[in-house]
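Working notes for the structure below.
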Amino acid sequence: MNVICRRILPNRRCFTQCRRYVRCPIIGVLGHVDHGKTTLIDSLRSTNNASQEAGGITQQNSIFQHTMQEDNFKFTIVDTPGHAAFSKMRATGTVLTDVAILVVDAAEGVKPQTKECIQMLKDNDVPIVVALNKIDLPKSNVDLCHEMLFEEGIETEQVGGNVPSVPISALQGTNVPQLMQTVRKVTDALDLECETTAVVHHYDIIYHLAKAVNTSINDALPPNIERIVTGKGVIAEIHGTKKKRVAGVNKLTGKFSLGLNFMITRSGFEVWNGAIDSLRYVKSPILETSSNMTECGVSFAKHSVSNLVVGDVIECYGNESKERILLSGKFYGQNQEDIIDLSASS
């Protein structure tokens with residue numbers, strides 16, 4: 001695989017031919033949900049993606065390049081999701097990295113996904129730099145975090161171990177440069193040389209990493225379940241027996257089918273969802289309504305629905321499973337305007 005190296009031509013687009021290079025370190029950013037990984041990424045990239053994420057949770061891996069202002073030293077950084085449902089994605093980000101930044105909320109300490117990340121890093125023998133984030137919060141307790149990490153086998157320098165840690169506030173930018181300097185010291189101790197005789201394009205490592213991560217994401221994500229409404233009507237009258245509750249439905253559009261699911265809404269809010277007992281047209285039981293029917297009877301087991309109201313909307317629907325595919329994250333190059341759109345790649 002082609003790699004980005006430090007020996008750069010003046011146009012910053014491709015690299016001189018040479019037998020040996022020192023390639024850019026690949027840094028993974030991992031941690032528990034909402035501990036500040038994306039805010040740290042935003043600080044490094046001067047963007048604001050954290051506020052746009054669903055529930056504050058990273059939904060996909062993103063890969064970009066960060067340049068240190070002091071000497072233009074470059075890192076390729078992989079931001080991985082923090083939600084438990086994305087453990088396979090996070091594992092992929094782990095094995096792709098030379099060094100991992102483990103982000104820990106200084107006010108919350110070690111959490112379940114923190115432990116999961118620690119185990120993955122240990123399993124893959126990835127060096128760790130701990131970022132104790134949110135030190136700007138009144139409840140932050142850095143000392144307690146060191147103790148909790150120690151219990152998980154992460155012995156930071158502050159407790160006599162050899163794992164570097166830096167207290168930061170990603171939101172305010174406090175100590176973020178010091179964090180990256182610490183990461184650099186760790187990467188400097190690694191053998192990141194490689195041999196190549198080819199001219200390496202500026203984006204090759206980002207593209208190849210993005211491709212590998214994208215493949216893992218597609219394998220890991222569960223399918224999308226899409227609700228397909230087949231029929232809709234309004235409850236016009238309600239009758240009850242000892243065992244059943246029957247709703248007369250009119251203004252029927254589409255088709256009701258006995259084997260599908262039904263949902264009742266009131267003022268736009270769902271009040272019931274489930275299976276019905278039977279469908280009737282006039283007094284005859286039917287399996288489904290036909291296109292010329294504008295009304296029907298729907299019966300429910302009495303224990304399953306007890307709060308029907310005239311005017312409630314009833315819908316019949318089925319579920320369709322669709323493959324969930326990550327078309328593209330925005331994979332940034334050296335500059336903000338340099339973006340690789342993976343969906344356009346073959």
Side-chain angles (χ1 to χ4, degrees), residues 1-16 18 21-30 37-50 58 60-81 89-90 92-101 103 126-127 129 131 168 170 173 176-188 190 192-194 196 198-214 216-217 326 328-345:
M1 184 177 75
N2 291 335
V3 292
I4 294 178
C5 306
R6 296 179 192 166
R7 192 173 298 181
I8 307 174
L9 293 178
N11 64 9
R12 294 180 177 272
R13 286 290 172 170
C14 57
F15 300 79
T16 185
C18 180
Y21 290 93
V22 178
R23 65 173 174 81
C24 289
I26 303 169
I27 311 301
V29 183
L30 302 93
K37 299 182 308 301
T38 304
T39 305
L40 174 59
I41 294 297
D42 287 341
S43 178
L44 295 172
R45 199 165 54 188
S46 299
T47 56
N48 187 23
N49 290 324
T58 306
Q60 60 191 29
N61 290 49
S62 65
I63 304 172
F64 71 101
Q65 198 169 63
H66 172 70
T67 303
M68 296 187 71
Q69 294 182 350
E70 303 93 302
D71 57 2
N72 289 327
F73 184 88
K74 293 174 177 58
F75 299 102
T76 297
I77 296 181
V78 182
D79 175 24
T80 61
M89 294 164 63
R90 190 159 57 247
T92 300
T94 301
V95 299
L96 287 173
T97 58
D98 298 309
V99 173
I101 298 176
V103 181
V126 179
V129 174
I168 68 167
V176 172
Q178 289 87 333
L179 172 65
M180 298 314 297
Q181 289 167 3
T182 301
V183 171
R184 179 174 178 178
K185 290 178 181 178
V186 175
T187 62
D188 283 344
L190 303 177
L192 300 181
E193 285 193 346
C194 60
T196 181
V199 175
V200 183
H201 190 274
H202 175 73
Y203 296 130
D204 276 352
I205 192 169
I206 298 179
Y207 171 77
H208 286 291
L209 282 173
K211 200 75 173 178
V213 170
N214 209 38
S216 176
I217 292 172
L326 174 69
S328 67
K330 286 186 177 179
F331 297 104
Y332 291 84
Q334 182 167 315
N335 303 306
Q336 288 287 327
E337 63 271 16
D338 296 337
I339 300 174
I340 294 176
D341 185 357
L342 200 60
S343 62
S345 307

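Excluded from the calculations below are hydrogen atoms, water molecules and symmetry mates; all remaining heavy atoms, backbone and side chain alike, are included. Small disclaimer: the values here were computed from a predicted structure and weren't measured.
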- Note on the structure: Taking every heavy atom of Ser43 against every heavy atom of Gly173, the minimum-distance pair comes out as OG-CA, 4.3 Å
- Identify the heavy atoms of Cys24 and Thr76 that sit nearest to each other, and give their distance. CB-OG1, 4.3 Å
- Task: Kindly compute the distance separating CD1 (Ile77) from CD1 (Ile41), expressed to the nearest 0.5 Å.
- Result: 5.5 Å
- Checking side chain to side chain contact (heavy atoms under 4.5 Å, CB included) for the pair Phe75/Leu44: CA distance, chi angles, key distance, verdict? CA-CA 11 Å; Phe75 299 102; Leu44 295 172; over 6 Å; no
- Note on the structure: Sorted by chain and number, sequence neighbours left out, side-chain contact (heavy atoms from CB on, under 4.5 Å) with Val186 holds for Val99, Pro127, Val129, Pro164
- Applying side-chain contact (heavy atoms from CB on, under 4.5 Å) to Gln69 and not counting sequence neighbours gives none
- Task: Over all heavy atoms of both residues, which pair between Lys74 and Pro25 is shortest? Give the atoms and the distance, please.
- Result: O-CD, 3.4 Å
- Are Met180 and Ile101 close enough that some pair of their side-chain heavy atoms sits under 4.5 Å apart? yes
- Just by modelled atom types, is the Gln178 backbone N or O under 3.5 Å from a matching donor or acceptor in the Thr182 side chain? yes
- Query: Do the non-hydrogen side-chain atoms of Arg184 and Asp71 ever get within less than 4.5 Å of each other?
  - Reply: yes
- Partner residues of Ala100 under the side-chain contact (heavy atoms from CB on, under 4.5 Å) criterion, sequence neighbours left out: Leu30, Leu121, Val126
- Note on the structure: OG1 (Thr187) and NZ (Lys185) are apart, to the nearest 0.5 Å, by 11.5 Å
